[in-house]
Enquirer: 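Take a look at the following structure, please.
Small disclaimer: the values here were computed from a predicted structure and weren't measured. Proteins get letters first, then strands, A, B, ... in listed order; numbering begins at 1 in each.
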Amino acid sequence: MSSAAIATQALTRRFGELVAVRDINLEVAPGQFFGFLGPNGAGKSTTIKMLTGLLEPSSGSIEILGLDFLKHPVEVKRQIGVVPEGMALFGRLTGSEYLNFVGRMYGLDRETAAQRTADLLEFMQLADQPKKLVTDYSHGMQKKLALAAAVIHGPKILFLDEPFEGVDAVAAGTLKSMLQRMIARGATIFLTSHVLEIVERLCSHVAIIQKGSLVAQGSLEELRAGVEAESMTGTEGRVTGARLTLEEIFLHAVGGARAEQELSWLG
Amino acid sequence: MAGVNGEIRSSVQFQAILRLRWQSFAHSLRTTRGTVELASHVFVTLLLLLGGTAGAAMLGLAAYSFVVEDKVEWVAFLLWSVFLFWQLFPIMGSVFTETVDLTGLLRFPLSYRSYFLVRLAYGALDPSTMLGTCWLTGIAIGIGLASPRLFLWAATVLAAFALVNIALMQTFLAWVERWLAQRRAREIFSIFFFLLLIGLQLLGPLAGRFSGSVGPEVKVLGSRFSPIQRVLPPGAAAVGIDGAARGNAAAFVAATCLLLLYGAGALALMGIRVRKQYTGENLSEATTGPALSRAQLVTPGWKLYFLPAPVVAVLEKELRYLGRSAPMLLTLVTPVVMLAVFGLGPARNGAFLQRSPDLSYPVGVGYALILLTNLVYNNFGADGGGVQFFFASPVRFRTVVFAKNLAHVAILLGEMLILWISVSLMFHPPSLLMTVTSFAAVLFAAPINLAAGNLLSLYSPKRVDFGTFGRQRASQVTVLLSLLIQGVVIACCVATFVVARQLERPGLAILIFLGLAAPSIAFYVLSLRHADTVAQARREILVAELCRV
């Protein structure tokens, strides 16, 4: 049994002939703010779906808080919170009805669910339109509501798939402060995001996936040191004295070269 | 810029839209489910054609006899029934019809005119239009056979009448959708529509009931209504055909022009809605009411001592969803309406419930059960992306399914109570024996339906929108299989009643139903036990299908 909060071994997912995720070995320690990065279609969402029970792995194992997910799905789900790609909202409930519903589904008693619902609606600044149905919320409001629902039961691990996508700067600030508070209280957060600046600011550890395989994993410092070491040996030919940004590490890991072809018709 | 024309031609855009539809259709055939769905569509279309042809034959025969008997204006009766069906079926049977959300096209540089035409064309692809067109064709043929020289004239008027129906039906739907976007309007409209429906449905049976003994008041009423109906679309069409039959060109031209005017008016009214949609209207219930206190902001969820919290949470959610769906609520009130129609019809002409009022309660309950299948057989359709939550939450899937079934049973029991009261008011209170027999029948029929519904919900899910007319239809495969299962269940129930009556032992039906209920409940329990396994095995398809936007 691993002491890691999240541990996978040879995690693989196939869709017919296509191997979307191949032999992934992830290890996320408790209390880590973990960023999971990769280009579009690299397998991030597939991985997070497998880690949260939304998708069955083709092979490999997943341990969450030392429990085998496939053997103890209910016990594991009790301790995690998820904001999946589609946000998993029920459009024809109001925000408070939805949070109440989620709280009850996670076993909170009526009073606690109601109290936490009120707290979260106020914290997320969603309390001013109590009769509005979720389907009428803006994208950013839905994201905030989905995040509120993911934390209402006080999970030990939070899985977030693109939590900052479509969220304005004010709301993003609110979300970030909430996530940082959770980390300070010992929770583990696993997030995917395309906004590398946010990941760089929030995450202590990062893994990068490319075409279904992990190409880098470790703390930001470890990854930075790795890239710099390669540059020193001259294999990559990078000449710069400045501290590497996450974007540079990412591009190095995924071999991202900008398209050279010119789209002349764009003017 | 090179390659871009200064003017975007509508025909090019129409071709692109057609191509898009074709490609979507072709890609859907890549999966087994898509292929089965196509087969079901073909089957349903054939069924509709059959219904259309049979109806056309009957209406044609009636039209033939009216013309032969020189009562051409009586064609109005036929046209009124076609008209009412055409306009009301898309709303009453919203679960059987499907409209496509075309607002996604608005991101393209589509002109208002093009958007309007595309909407009109899509709206015309509807079962009621298909059946209505078949029936009008039948009437035209009937008239043509009786009087060949009248055929072209009648066909012209009926074509105009068909156009009015197509335009009016879409206008009606567009405005109903607008009104029902607001909760208050929804409540008022539901009551109004319910009363209107009862009124309209009762017209025919009441006319039939009093036709043998027409009193002077009825004649006065009839003579007053006749001029009014003559200027309404069905009456105007009949006047046009009658005018042509009598060589009265002025009447023919006036009636045809009136019909075209109706069509234009309907299109203009529809245009107001489409224009709003085109400019980006969002029908939402968003209200900015006064700020609420913390206690007012959140009220704790329901509490039912005898049920676990997750079950109560799902039950509450399901009933809230239903309460916010005007189309589903309207569907659920139809058993009472149908009871009134069948019950108050002319007894000597075979109004079944008039002759056997004792059967009105079980018949009503049976009808309620049939309509409930709209909910039961696509359990997760209205949840959309929310279904992911059920997979991510620490609650077993069988618990969720069970809670949803509890909601269905609660609705059914509520309907049974309303029907009991309705039957008591319309006829007399159902006897204790009949009440118990009906409950025993439900004990047999409901678990089978719930079990089959749960399995089909997992095997053949389809995202539906409870808030919009025409977007509640389950997958075609589900619709067909549910009809098949209902057919078998109803046949068993009818056979049981018949056997008990033949043997003159009414109590026997209770025993038979209870006997049948045992395997039915066992089947339900078995299906519930397997719900977790099936759901886990099908989760990718469920999520992919229900999260689709």
Side-chain angles (χ1 to χ4, degrees), chain A residues 15 49 52-56 73-82 84-94 96-111 113-119 121-122 127-133 135-137 149-150 153 159 265-267, chain B residues 1-4 183 282-289 291-292 294-303 308-314 316-317 320-325 382-396 399-400 465-467 532 536-537 539-540 543 546-549:
Chain A
F15 293 102
K49 278 180 188 165
T52 55
L54 292 173
L55 193 65
E56 190 180 16
V74 174
E75 288 78 1
V76 170
K77 286 174 188 177
R78 212 183 279 277
Q79 302 185 64
I80 65 174
V82 188
E85 203 176 12
M87 290 191 274
L89 300 171
F90 292 101
R92 297 195 74 77
L93 296 180
T94 64
S96 79
E97 285 168 358
Y98 175 66
L99 290 182
N100 238 319
F101 167 75
V102 173
R104 303 297 308 280
M105 292 292 278
Y106 276 94
L108 302 182
D109 62 60
R110 289 169 72 235
E111 288 70 27
Q115 187 199 333
R116 290 189 186 181
T117 294
D119 289 344
L121 286 175
E122 279 172 7
D128 56 339
Q129 287 181 311
K131 294 196 173 170
K132 193 169 185 166
L133 296 183
T135 191
D136 296 327
Y137 276 21
H153 58 293
F159 290 94
W265 47 266
L266 271 176
Chain B
M1 276 186 283
V4 179
R183 191 177 305 173
N282 174 29
L283 296 178
S284 82
E285 284 195 86
T287 49
T288 46
L292 299 178
R294 198 181 151 85
Q296 286 170 313
L297 180 65
V298 181
T299 47
W302 295 357
K303 188 175 189 175
V311 174
V312 181
V314 176
E316 180 183 349
K317 182 228 139 220
R320 282 193 192 283
Y321 255 56
L322 190 74
R324 288 179 182 141
S325 168
D383 291 331
V387 76
Q388 288 188 102
F389 173 76
F390 292 133
F391 284 111
S393 75
V395 175
R396 288 189 187 284
T399 309
V400 175
D465 180 358
F466 266 10
D532 282 315
Q536 291 305 320
R539 64 186 147 180
E540 284 161 50
V543 170
L546 298 176
C547 291
R548 187 183 293 175
V549 181

Enquirer: Among all residues two or more places apart in sequence or in another chain, which pass the side-chain contact (heavy atoms from CB on, under 4.5 Å) test with B:V311?
Expert: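 Partners of B:V311 under the side-chain contact (heavy atoms from CB on, under 4.5 Å) test: B:L307, B:P308, B:T399, B:F402, B:A403, B:L406.
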Enquirer: Please check if the side chain of B:R320 supplies one atom and the backbone of A:T94 the other of a donor-acceptor pair under 3.5 Å.
Expert: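 No, because the side chain of B:R320 does not come within donor-acceptor range (under 3.5 Å) of the backbone of A:T94.
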Enquirer: Let me know if A:E97 has heavy atoms under 4.5 Å from chain B in its side chain, its backbone, both or neither.
Expert: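 Contact with chain B is through the side chain of A:E97 alone.
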Enquirer: Based on non-hydrogen pairs under 4.5 Å, which of A:L93, A:D109, A:L108 is most in contact with chain B?
Expert: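 With the most close heavy-atom pairs to chain B, the winner is A:L93.
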Enquirer: Below 4.5 Å from any heavy atom of chain B, which atoms of A:L55 appear? Answer side chain, backbone, both or neither.
Expert: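 Both parts, backbone and side chain.
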Enquirer: Testing the basics here: between B:A392 and A:L54, what is the closest heavy-atom pair and its distance to 0.1 Å?
Expert: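 It is N-CD2, 4.2 Å.
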Enquirer: Would you name the heavy atoms of B:Q388 and A:M87 that are closest together and state the gap between them?
Expert: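 Result for this residue pair: NE2-N, 4.1 Å.
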Enquirer: Do you know which two heavy atoms are closest between A:M105 and B:P310, and how far apart they sit?
Expert: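 Scanning both residues completely, I find the closest heavy atoms to be SD-O, 3.7 Å.
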Enquirer: Given the options B:G385, B:A382, B:P300, which has more heavy-atom pairs under 4.5 Å with chain A than any of the others?
Expert: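 Ranked by heavy-atom pairs under 4.5 Å with chain A, first place is B:P300.
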Enquirer: Please report the interatomic distance CZ(B:R396) to NZ(A:K77), rounded to the nearest 0.5 Å.
Expert: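 Answer rounded to 0.5 Å: 9.5 Å.
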Enquirer: Go through the atoms of A:V102 and report whether side chain, backbone, both or neither lie under 4.5 Å from a heavy atom of chain B.
Expert: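 Looking at A:V102, backbone and side chain both touch chain B.
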Enquirer: Angle between ring planes, B:F389 versus A:F101, binned at 30° and 60°: parallel, tilted or perpendicular?
Expert: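 Ring orientation of B:F389 relative to A:F101: tilted.
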Enquirer: Please give me the minimum heavy-atom distance between B:V387 and A:F90, naming the atom from each residue.
Expert: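 Residues B:V387 and A:F90, closest heavy atoms: N-CE2, 4.5 Å.
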Enquirer: Please name the pair of heavy atoms, one in A:R110 and one in B:G301, separated by the smallest distance, quoted to 0.1 Å.
Expert: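 For A:R110 and B:G301, the tightest heavy-atom pair comes out as NE-O, 2.7 Å.
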Enquirer: Evaluate side-chain contact (heavy atoms from CB on, under 4.5 Å) for A:E56 paired with B:R539, printing each intermediate quantity in order.
Expert: CA-CA 9 Å; A:E56 190 180 16; B:R539 64 186 147 180; 2.9 Å; yes
Enquirer: Can you give me the closest heavy-atom contact between A:R104 and B:W302, atom names plus distance?
Expert: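 Closest heavy-atom pair between A:R104 and B:W302: NH1-O, 3.1 Å.
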